[in-house]
Every structure is written in C-alpha cells, then in structure tokens.
There are 2 protein chains.
Amino acid sequence: MTDRDERPARAKRADAKRNETVLLEAAAAVFVESGVDAPVREIAARAQVGMGTIYRHFPTRADLIVAVYRHQVDACAEAGPRLLTERISPHAALSRWVELFVDFLVTKHGLAAALGSDQAGFASLHAYFIDRLVPVCEQILDAAIAAGEIRKDVGGYELLRGIGNLCIFADDDADYDAHRLAGLLVAGLRT
Amino acid sequence: MTDRDERPARAKRADAKRNETVLLEAAAAVFVESGVDAPVREIAARAQVGMGTIYRHFPTRADLIVAVYRHQVDACAEAGPRLLTERISPHAALSRWVELFVDFLVTKHGLAAALGSDQAGFASLHAYFIDRLVPVCEQILDAAIAAGEIRKDVGGYELLRGIGNLCIFADDDADYDAHRLAGLLVAGLRT
DNA sequence: ATGGAAGCGGAGCATCGCTCCGTATTCACT
DNA sequence: AGTGAATACGGAGCGATGCTCCGCTTCCAT
C-alpha cells in the first residue's frame, strides 16, 4: 500500500500517469455533483478520456472510489488511536470517532449504499473499508470493554456496518438525522 | 383501503381482473427468488403477460411492491396497538414491535433499500409505509415517553427509517445481525 | 350479433455497464 | 535522430433493463 508509487519496477508511461491524475480529479468532481453512482461515461467525458481508459486504470467502480477517498478513510482510521489517548473515556472516544465516520459518509452521495452492497464490483471498496476501519473500531471497543463501559457482544465489523447503514440515503431527508441515530446506537452499547 | 374491491363503480373486465391476480402471484414469487429489484420482464414472463400489462396495472414498481406486501404491512401496523395492551412495559412493547418490523424486512431482498431510496418511482412505496407504520410507531413511543422510559427527541419517522436502514443488505452477511443492532438502537432510547 | 370500449402485447427507444480491437503514443535502444 | 515494439488510448458495439406507444384483440352491453 505504501510501496505502490515508490517502486516503479517498470516505469509507467507518462500519458498513462497523467490520465490517472486527470481521472481522479474528474471522478472526485463528478462524485460530488452526482454521487458515486454517476455513469462511467460522465466521468470519462469530464476527464476528456475514453471509457476504455477508465476501465484500464480502475477495473471496477470500487477501485476508482477507493482511490478518490483513500486519504479521507486513512485520516479517519488514524483518528481512532489518537482519540483514545486524549483524556476522555473510551466510550466518549467511540462517540467522537463514530461522529467522524458519519461525517465522512453522509457527505458522499451513495457511498454508504455502495459500501453495504456486496454486489459484484464493489468487493474492493468493501474490503478497503473493512481493512482500514474495522481494526480501529475494535481497538476502541476493546478499550471501552476493558473499562467496563459497554457490552461485549457487538463486534467492530457489525457496529461499523450498522453505522454505515444508518448513513444510507441520509442526505436527502431533512427529518432524518444519521448523527442522532448513530449516537443512539452507541448509547445502546452501554452496560 | 377497504372499499377498493367492494365498490366496482364501473365493472372491471374479467380478463383484467384475472391478470391482476396472476401478476400479484407472479410478482410475489419472483420477489422471493430474485428480490424486489427483479427485472420487470422476468415478472411479466412468469405471469405469461406482456410488459404493457404490468405497467397498466401497476404504473410504478412501488405500486406492485405495495400490492404484494400490503397485508403484511397492515399486520405489522395492527400488532402495535395490540402489543401496548399486553401487560408489558411500553418499552418492551417497542422492542417486540421493532422485532416484528425487522423480521418482515430482512426476509424481503432489497425491500429495505427500496424503502429508503426516495428515487422517483418509489414514492408510493415510501408513502405507504410511512402512512401505515409511522403513526403506530409514534403511538408506542408516546406511551414509552409517558411512562418515562425513553428520551423524547427521536420521532417515529426517524426511528422507523433508522431501523429500516439497519435491515439493508442484512440478508447476505452472516456476521451482521440486524436484530441485534435494532435492539441496540431501541436500548439507546432509554433515559 | 355486433360495435365500441377496455385491455393486451411486445417492438422499440433510451440509458448504462463493460469489452474488444484497430490506431496512436511513448520510450529504450541504436 | 530514427525506429520498432510495448504500452496506452478511444469509442463502437453488445447485452441488460426501464418504460412507452400504438396496432390488434377481447369482452360485454345492447
């Protein structure tokens, strides 16, 4: 994951590299405007690139989504341990961390839905989120369990998917507050 | 809702009536096999009917879904008041009722997702669930609030949508238990 | 029986995901 | 610089799907 840019075993052609950058920018812009389900043709048009080029660089839509949001997911993952070191209870740290996660998800039209769906093609998206965030979530959960603050029968994966699900369609409904419901879920964990 | 079959203001043709029945049966069968997102052509083929016939009887997919599940939704709605009369606390009644709702949703592939999406075409599905279930949910919530068991800042609509969202994609993942998470949500309501 | 109203069917158009391959571009080597 | 092979590009095209539209069929009141 870190030796991906440094080790140019066989140098990538200049036009290919340039197109990848252009594509990432175009995809990010289109995702904001039309959500992560936007037609591939739209992204290709925005990047002024053929569709073949998209599929060559990012074989599945999930790969493109991961590439666009990798930094933000990583930031969320890194925030977990940091919150645990602050002088607040583990349960409070969990609350704060869940807030960060919800903040991230609700602003990405369709991302939460794509995350949950293990439809073919979204596998790598699913995998990336799981790999990066489940360990962090479990670390915080374990700390809270050790402090006797929460029950023990809910795993990190399950909690994360629950929170993720609460964020689906959370952006086009004024009467629905994903933050509040996620807070309820976390509150329900208390012993 | 009840005078729909009795009052034949202008008698419907026999073949039309028969086709409607056949379609409902075919749709129910296909929904079980392929989920509520199954291609319209598949339902038409199963019913040995043209696609035009489907769209004539059920202008949107939502109308068909509502027609198929109306009885079960009604049964869930009617269970609410009944639970409140049993000699258990309002909060326990809420728990039981939420279980019924989750039971219903998780066995209908794709229904929870369709419910949340207010994509054009799903409006009437959304509306039917809201009309039937939100009042019931609020009735139980009010009883629990009156008993001082839960907080007051979560509305019936919001809770229902939260529960519904927890049920999305809940059927193809052994490590994800919508019941447990819904229970957490309800537990989190406690004062 | 019969004519017009009600209903039917499925061809057809549009959209979208994804593939495939002829063409264009880049780059290492001379 | 020239050159040829490796690499990358583009977009036509296929299949799947939602939905419409209209010529044809079926029903039923008379």
Side-chain angles (χ1 to χ4, degrees), chain A residues 8-27 30-31 33-67 109-110 113-114 117-125, chain B residues 8-27 30-31 33-67 109-110 113-114 117-125:
Chain A
R10 196 80 51 95
K12 186 184 277 187
R13 261 171 57 168
D15 53 347
K17 186 136 192 121
R18 177 163 25 90
N19 273 333
E20 189 172 317
T21 306
V22 171
L23 268 174
L24 280 177
E25 286 169 5
V30 170
F31 286 171
E33 276 178 23
S34 316
V36 299
D37 294 318
V40 180
R41 280 168 171 80
E42 190 177 333
I43 300 169
R46 177 88 164 226
Q48 291 183 289
V49 142
M51 292 196 331
T53 302
I54 290 198
Y55 284 105
R56 197 168 316 104
H57 287 285
F58 308 99
T60 72
R61 178 186 297 273
D63 295 316
L64 183 52
I65 298 176
V66 168
H109 227 100
S117 149
D118 55 0
Q119 200 80 327
F122 284 110
S124 74
L125 177 65
Chain B
R10 195 83 47 97
K12 186 183 275 185
R13 262 172 56 169
D15 53 347
K17 185 134 192 127
R18 177 161 26 89
N19 273 334
E20 188 171 315
T21 306
V22 171
L23 267 174
L24 279 177
E25 285 169 5
V30 170
F31 287 170
E33 275 178 23
S34 315
V36 299
D37 294 318
V40 180
R41 280 168 172 79
E42 189 176 333
I43 300 170
R46 177 86 164 227
Q48 291 184 288
V49 140
M51 293 198 328
T53 303
I54 291 197
Y55 284 104
R56 195 168 317 102
H57 286 286
F58 306 100
T60 71
R61 179 185 297 273
D63 295 317
L64 183 53
I65 298 176
V66 168
H109 225 99
S117 151
D118 54 2
Q119 201 79 330
F122 284 112
S124 74
L125 177 65

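Numbers restart at 1 for each chain; the letters A, B, ... are given by sequence-line order, proteins then strands. Values below: every heavy atom of this structure, side chains too, minus hydrogens, waters and symmetry copies.
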Which whole-number value in Å describes the distance from [X] [atom1] to [N] [atom2]?
X: A/Leu23; N: D/dA8; atom1: CG; atom2: P; value: 14 Å
X: B/Gln119; N: C/dT15; atom1: CD; atom2: P; value: 16 Å
X: B/Lys17; N: D/dC27; atom1: NZ; atom2: C1'; value: 16 Å
X: A/Ile43; N: C/dC18; atom1: CD1; atom2: P; value: 11 Å
X: B/Glu42; N: C/dG10; atom1: CD; atom2: C1'; value: 18 Å
X: A/Ile54; N: C/dC16; atom1: CD1; atom2: C1'; value: 13 Å
X: B/Glu20; N: C/dC8; atom1: CD; atom2: C1'; value: 15 Å

4.5 Å side-chain heavy-atom contact, [X] and [Y]:
X: A/His109; Y: A/Val36; result: no
X: A/Leu64; Y: A/Ile43; result: yes
X: A/Phe58; Y: A/Leu24; result: yes

### Query
In this structure, are over 12 heavy atoms from other groups packed under 6.0 Å from B/Glu33 atom CD?
yes
### Query
Ignoring hydrogens and geometry, is there a side-chain-to-backbone donor-acceptor pair from A/Arg61 to A/Ala38 under 3.5 Å?
yes
### Message
Test your reading of the model: is there a side-chain donor-acceptor pair from B/Arg46 to the backbone of B/Leu23, 3.5 Å cut-off?
### Response
no
### A/Arg61 side-chain proximity, nearest of C/dG17, C/dC8, D/dC19
C/dG17
### Query
Quick one: what's the B/S/- string for nucleotides 20-27 of chain C, heavy-atom cutoff under 4.0 Å, read 5' to 3'?
-----BSS
### Task
Go through B/Thr53 and B/Asn19 one step at a time and tell me if the side chain to side chain donor-acceptor pair (under 3.5 Å) criterion holds.
CA-CA 8 Å; B/Thr53 303; B/Asn19 273 334; 5.1 Å; no
### Query
Taking all non-hydrogen atoms of both residues, which atom of B/Phe122 and which atom of B/Ser117 are closest, and how far apart?
CB-O, 3.7 Å
Polar atom pairs (N or O), protein with nucleotides 13-16 of chain D, under 3.5 Å:
from, atom 1, to, atom 2, distance (Å)
D/dG13, O6, A/Arg41, NH2, 3.1

### Message
At less than 4.0 Å, is any side-chain N or O atom of B/Asn19 found next to OP1 or OP2 of C/dC8? Yes or no.
### Response
yes
### Query
Would you say B/His57 reaches C/dC8's phosphate, i.e. side-chain N/O to OP1/OP2 under 4.0 Å?
yes
### Message
With rounding to the nearest 0.5 angstrom, report the CG to NZ distance, A/Asp15 to A/Lys17.
### Response
12.0 Å
